[in-house]
J.: 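Sharing a structure, written as structure tokens. Questions coming.
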Amino acid sequence: MTFHPPTLLLCSVLAMAMSAGLMTLFAFSQRIYRGYFHWTAAQALAALGLGLHLLRDTHPAVLPVANLLVLQWPVLLLAGLRRFYQRKEMTLPAAFDWALLVGGYLLWLSTWISQADLMWRIAAFSFAAGALALYTAALLVRLDGYATSAGLKTLSVALFVSCGMHVWRMVHSVIVRHDPDSAQVLLLAGAVIPVMLSLVMVYLALLLTYERTQHDLGESQRQLRELANIDMLTQVPNRRHFHELAGRLLASPGAAHGASLLMFDIDHFKGINDRFGHKAGDEALCDVARSLRDTLRVGDVAGRIGGDEFVVVLPHTTVEEAVAVASRIVDPLASRPQMPLGLSFGVVRVEAGESVDAALHRADQALYEAKRQGRSCAVIATGDNENPVFAESMPLGLMPM
Ligand SMILES: Nc1nc2c(ncn2[C@@H]2O[C@H](COP(=O)(O)OP(=O)(O)OP(=O)(O)O)[C@@H](O)[C@H]2O)c(=O)[nH]1
């Protein structure tokens with residue numbers, strides 16, 4: 001089978017122009033990301049470069065422009081990827097891309113000027129194009145998102161294949177140079193490579209856009225969940241989320257057995273707000289939350305359930321051990337340089353099968369009793385919710401304010 005070179009070239013140009021057109025159309029109808037226009041420009045310029053090849057027999061002077069437009073493709077593709085991904089993710093700076101393009105182009109240009117033999121000219125061009133494809137593929141596989149991106153994997157495979165075809169084309173143009181069948185195959189390869197890459201590029205641009213949209217959507221959902229669950233001031237779970245977490249914890253087999261619950265608040269917090277201002281009050285709340293987070297183990301569940309009111313569920317912990325935890329929460333707050341803070345605690349054991357609300361109710365009564373007994377202390381409540389029995393308060397080392 002023989003091919004008619006101008007017809008083959010025209011088909012390639014049309015395919016590339018259509019892919020550039022499709023990408024442009026997509027850009028105007030969808031939300032696109034940074035870098036997308038570089039990819040579209042790479043396609044359009046390569047199509048233009050191939051189109052100029054149609055004039056090479058009648059106007060040989062167009063060749064230097066035509067080949068530069070074809071060779072730029074991997075470098076503009078990388079420029080787009082550098083904008084799409086974080087700049088720091090690429091292992092080499094952009095200057096390397098452009099230096100390689102200039103080097104490859106000058107190699108072909110000097111061969112074109114110095115060699116009348118068409119085969120050597122083809123070999124030089126294939127060498128430059130193959131090196132650029134290999135370099136681009138090597139950078140892609142080192143990207144952080146490579147392992148999870150079908151688009152990047154497809155593109156890198158296409159680039160490796162393209163590199164292989166260029167090497168094969170180079171070897172054939174130099175070694176099997178006078179075989180007419182080979183000339184046909186070389187011609188076919190020269191037309192197929194750009195079309196293959198441009199089709200992969202359309203797929204990649206759509207897929208990367210889709211992957212980025214999915215990623216952004218997941219990130220927004222994560223942020224929304226955080227906004228709905230976490231108290232923004234203190235960064236501990238809010239009341240609703242605490243109920244969820246504590247309910248799940250107490251329902252888990254074994255965890256409910258031997259769990260304790262601590263409810264505490266800052267003594268005379270209203271006075272702190274009134275005397276030092278709301279900002280100082282907010283800072284006090286943040287310091288309490290920090291001490292709470294630093295003290296808890298993995299598996300403990302804490303929450304801010306009111307203005308200055310916090311609660312903690314400690315699985316596999318006796319009430320005596322829970323009082324020791326309370327003391328550890330208070331310790332750093334006692335040496336606060338701005339003003340020492342006093343905390344009062346209600347401590348209860350969570351009975352097997354008991355709901356979070358029932359345990360909270362008893363802890364609230366114990367906290368009230370701790371306030372009544374002079375604050376800066378912990379009171380353990382036993383018995384049931386109707387008839388709680390309060391133990392003697394245990395001071396937690398802070399002077400009452
Ligand atoms: N700075 C600040 N204050 C808050 C916040 N939420 C609630 N408050 C204030 O916290 C104070 C809570 O005070 P009270 O519940 O009366 O208790 P208290 O003054 O600590 O008194 P005792 O608990 O009896 O020792 C109120 O004045 C609320 O306005 C907040 O997010 N930031």
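Below, all heavy atoms of this structure are taken into account, side chains as well, without hydrogens, waters or symmetry copies. In this chain, residues are counted from 1 in sequence order.
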J.: So for atom CZ, which belongs to Arg240, do other residues, nucleotides or ligands contribute more than 12 heavy atoms lying within a distance under 6.0 Å?
T.: yes
J.: Thinking salt bridges, do Asp384 and Arg362 make one under a 4.0 Å N-O criterion?
T.: no
J.: Quick check for you: to the nearest 0.5 Å, what is the distance between Gln72 atom CD and Leu48 atom CG?
T.: 9.5 Å
J.: Under 6.0 Å from the ring centre and within 45 degrees of the ring axis: does the NZ or CZ of Arg212 meet both conditions for the six-membered ring of Tyr85?
T.: yes
J.: Verify, without hydrogens or angle tests, whether Tyr36 (side chain) and Met23 (backbone) share a donor-acceptor contact under 3.5 angstrom.
T.: yes
J.: Evaluate Met196 against Ser162 for side chain to side chain contact (heavy atoms under 4.5 Å, CB included), listing each step before the verdict.
T.: CA-CA 8 Å; Met196 174 191 76; Ser162 145; 4.0 Å; yes
J.: Asp231: what forms a salt bridge (charged side-chain N to carboxylate O under 4.0 Å, His left out) with it, not counting sequence neighbours?
T.: Arg304
J.: Which of parallel (below 30°), tilted (30 to 60°) and perpendicular (above 60°) describes Phe310 and Phe264?
T.: parallel
J.: Please check if the side chain of Arg83 supplies one atom and the backbone of Tyr33 the other of a donor-acceptor pair under 3.5 Å.
T.: no
J.: Test side chain to side chain contact (heavy atoms under 4.5 Å, CB included) on Met232 and Leu227 and set out the steps.
T.: CA-CA 7 Å; Met232 283 298 113; Leu227 281 174; 3.9 Å; yes
J.: Side chains of Arg169 and His172: any donor to acceptor distance under 3.5 Å?
T.: no
J.: Can you tell me if Arg336 and Ser291 form a side-chain donor-acceptor pair at under 3.5 Å?
T.: no
J.: Should the heavy atoms of other residues, nucleotides or ligands under 6.0 Å from CZ of Phe96 be counted, would the total exceed 12?
T.: no
J.: When you look at CD of Glu392, are more than 12 heavy atoms from neighbouring residues, nucleotides or ligands closer to it than 6.0 Å?
T.: no
J.: At what distance, to the nearest 0.5 angstrom, does CD of Gln235 lie from CD1 of Ile230?
T.: 7.0 Å
J.: Identify all side-chain donor-acceptor contacts of residues 11-22 below 3.5 Å with residues at least two apart in sequence or on another chain.
T.:
{"from": "Ser12", "atom 1": "OG", "to": "Leu8", "atom 2": "O", "distance (Å)": "3.2"}
{"from": "Ser12", "atom 1": "OG", "to": "Ala191", "atom 2": "O", "distance (Å)": "3.2"}
{"from": "Ser19", "atom 1": "OG", "to": "Met16", "atom 2": "O", "distance (Å)": "2.8"}
{"from": "Ser19", "atom 1": "OG", "to": "Gln43", "atom 2": "NE2", "distance (Å)": "2.9"}

J.: Quick one: ring-ring contact (aromatic ring centres under 6.0 Å, His included) pairs with a partner in residues 361-380, sequence neighbours left out?
T.: none
J.: Is the backbone N or O of Ser376 less than 3.5 Å from a side-chain atom of Ser344, with the two atoms forming a donor-acceptor pair by type?
T.: yes
